[in-house]
Amino acid sequence: MTVHLPAEYEPATPVEELSVRSADGSRLHVEVHGQPGAPTVVLAHGWTCSTAFWAPVIRELSDRYRVVAYDQRGHGHSEIPPSRARYSTRALAEDLSAVLRRTVPAGERAVLAGHSMGGMTIMAAGGRPEVAERTAAAVLISTGPAELVAELTVLPPGVRSPGLRRFLHRQLLRSRMPLGPVSPVSRVALKYATMGPGSPAGQVEATARIVHACPTGVRANWAAVLDRLDVRAGLARLAAPAAVVVGTDDRLTPPVHAHRMVAGLKDPQGLLLLPGVGHMSPLERPAEVAAEIHRMAAAHLVGTPVADPAPSAAATADPAVDSDDSTADFDDSTDERTAVA
């Protein structure tokens, strides 16, 4: 059965495409969208995704930002590493550093937003001065710093043994089984594991096409990195103000990670909870994710317009602004906001 892909999930057309070499020579595909000369936002996608994952967020931001998105190594149009040694959190940090050096001129700064492995990339680069000097603020979206396998909730609660849960989750994470063409079965499985129960067919189709396009070996090699990932030291060294976003129904990086990140940040700027949303929050709720990026840019990035990027994104308006039509509840005691579905 063919599912129609809504226009907002079609890959956005960049105004410029770049080829950037990382420290080890790996070639990275970089896209520039939006307004030349405008304040810059840099987007880093997650495991098994690509720049196409950011399409609806790019559309929300590109009317007033210069939006840079890049394919993580092995993903999309970036070069596939020739050996397992080229897959590491160090490589992620070096790739981000290379992209920033090429796209953010010396003396200028950008807001960095990372989803899942992209958020882990920002944390991995937390101690790097060449990244810090180009970072005005960060948004960590549906991600976690460590103990990913231990906190997965993909398996049903009936599997009670912690040891058995970790073993089975690890087998799922590191599977080398080819995904093959998108099918009704794969859509159902992917929606269950990665998205909220209310996600419409178009969102699920967009997610499936992106994830199925990731080469099997790349998926498995990055899974091995995620299995043993620990970027808590980088999180603690992240000096820029940072906000955290997570869906309440995220099975891959549940909200427990978000709370730990807020507690570990030097300059936490709040936690946005998205009710009923799974792991793919930028696809599931692009307006709210884009508005959170805008909120951080408006507060910390010179030259950013102060108006919300779109009325639909009002759910993440700056909590310091009193607005009767805000769609986010804010708890001053916890600096935690919940977007209203």
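Not measured: the values here are computed from a predicted model.
A distance of 12.0 Å separates CD1 of Ile141 from CG of Asp250, quoted to the nearest 0.5 Å. Atom NE2 of residue His300 and atom CZ of residue Arg109 lie 9.5 Å apart, to the nearest 0.5 angstrom. Distance check, rounded to the nearest 0.5 Å: CD1 of Ile293 to OH of Tyr65 gives 9.0 Å. Taking OG1 from Thr40 and CD from Glu108, the interatomic distance works out to 6.5 Å, rounded to the nearest 0.5 Å. Atom CG of Asp95 sits about 7.0 Å away from atom CG of Asp24, to the nearest 0.5 Å. The OG atom of Ser26 sits 3.5 Å away from the CZ atom of Arg73 when rounded to the nearest 0.5 Å.
The closest side-chain heavy-atom distance from Leu43 to Val67 is below 4.5 Å. Side-chain contact check for His259 versus Glu336: some heavy-atom pair is nearer than 4.5 Å. The shortest side-chain heavy-atom distance between Leu152 and Leu252 falls under the 4.5 Å cut-off. Between Arg27 and Arg21 the shortest side-chain heavy-atom distance falls below 4.5 Å. No side-chain heavy atom of Trp222 sits less than 4.5 Å from a side-chain heavy atom of Gln72. Using a 4.5 Å cut-off on side-chain heavy atoms (C-beta onward), Glu151 and Arg260 make contact. The shortest distance between side-chain heavy atoms of Val246 and Leu273 falls below 4.5 Å. Inter-residue side-chain proximity for Gln203 and Lys191 is flagged as unmet; no heavy-atom pair is nearer than 4.5 Å.
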TODO: Before giving the answer on side chain to side chain contact (heavy atoms under 4.5 Å, CB included), spell out for Cys49 and Met280 the whole-Å C-alpha distance, their side-chain angles and the decisive distance to 0.1 Å.
DONE: CA-CA 10 Å; Cys49 294; Met280 300 302 198; 4.2 Å; yes
Task: Candidate pair Leu238 and Lys266, rule side chain to side chain contact (heavy atoms under 4.5 Å, CB included), full reasoning - done: CA-CA 7 Å; Leu238 182 59; Lys266 285 186 176 181; over 6 Å; no
TODO: Could you walk me through whether Tyr9 and Thr207 pass side chain to side chain contact (heavy atoms under 4.5 Å, CB included), step by step?
DONE: CA-CA 9 Å; Tyr9 299 110; Thr207 300; over 6 Å; no
- [ ] Give the C-alpha distance, both sets of side-chain angles, the deciding distance and a yes or no for salt bridge (charged side-chain N to carboxylate O under 4.0 Å, His left out) between Glu292 and Arg337.
- [x] CA-CA 11 Å; Glu292 189 70 348; Arg337 289 165 298 135; 2.5 Å; yes
- [ ] Start with the C-alpha distance between Arg59 and Glu10, add both sets of side-chain angles, then the distance that settles side chain to side chain contact (heavy atoms under 4.5 Å, CB included), and finish with yes or no.
- [x] CA-CA 10 Å; Arg59 289 187 169 92; Glu10 292 285 353; 4.3 Å; yes
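Note on Ile80 and Leu226: same hydrophobic cluster, where clusters join Ile, Leu, Val, Met, Phe, Trp and Tyr whose side-chain heavy atoms are under 4.5 Å apart, directly or indirectly. No continuous path of ILVMFWY side-chain contacts below 4.5 Å connects Val188 to Val182, so the two sit in separate hydrophobic clusters. At a threshold of 4.5 Å between side-chain heavy atoms, the hydrophobic network of Ile, Leu, Val, Met, Phe, Trp and Tyr places Val32 and Leu96 in one connected group. Taken together through direct or relayed side-chain contacts under 4.5 Å among Ile, Leu, Val, Met, Phe, Trp and Tyr, Val256 and Met120 form parts of separate hydrophobic clusters.
Here the closest heavy-atom approach between residue Ala240 and residue Thr135 is recorded as CB-CG2, 3.8 Å. Scanning both residues, Trp54 and Ala113, for their nearest heavy atoms gives CZ2-O, 4.0 Å. Heavy atoms only, all atoms of each residue included: Ala55 and Ala12 are closest at CB-N, 4.1 Å. Here the shortest heavy-atom pairing between Ala239 and Asp267 reads O-CB, 4.2 Å. Here the closest non-hydrogen pair linking Leu274 and Ser281 is CD1-CB, 3.9 Å. The nearest pair of heavy atoms linking Leu301 to Pro39 is CD2-CB, 3.5 Å.
Under a 3.5 Å cut-off, the side chain of Asp71 and the backbone N or O of Thr51 do form a donor-acceptor pair. With hydrogens and angles disregarded, a donor-acceptor distance shorter than 3.5 Å links the side chain of Asp230 to the backbone of Arg232. Side chain of Thr89 to backbone of Ala124: no donor-acceptor contact under 3.5 angstrom is found. Not one N or O on the side chain of Arg102 forms a donor-acceptor pair closer than 3.5 Å with the backbone of Leu18. Judged by distance alone, with hydrogens and angles left aside, the side-chain atoms of Gln35 form a donor-acceptor pair with the main-chain N or O of Ser62 at under 3.5 Å. Checked by atom type and distance alone, the side chain of Arg251 pairs as donor or acceptor with a backbone atom of Tyr192 at under 3.5 Å. A donor-acceptor pair is defined here as one N or O able to donate and one able to accept, closer than 3.5 Å; such a pair exists between the side chain of His75 and the backbone of Thr48. Put simply, the side chain of Thr121 gets close to the backbone of Met117: a donor and an acceptor are under 3.5 Å apart. A donor-acceptor contact shorter than 3.5 Å is absent between the side chain of Ser142 and the backbone of Ser116.
The aromatic rings of His77 and His29 sit perpendicular to each other, their planes meeting at more than 60°, with 30° as the lower class boundary.
Between the side chains of Thr253 and His279, at least one donor N or O sits under 3.5 Å from an acceptor N or O.
A side-chain contact (heavy atoms from CB on, under 4.5 Å) with Val244 is found for exactly one of Leu265, Leu272, Thr143, namely Leu265.
Using a 4.0 Å cut-off between charged nitrogen and carboxylate oxygen, Glu130 and Arg134 do not count as a salt-bridge pair.
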Table please: side-chain donor-acceptor pairs of residues 193-200 below 3.5 Å, with sequence neighbours left out.
residue: Thr194; atom: OG1; partner: Leu190; partner atom: O; Å: 2.7
residue: Ser199; atom: OG; partner: Gly196; partner atom: O; Å: 3.0
residue: Ser199; atom: OG; partner: Glu284; partner atom: OE1; Å: 3.2

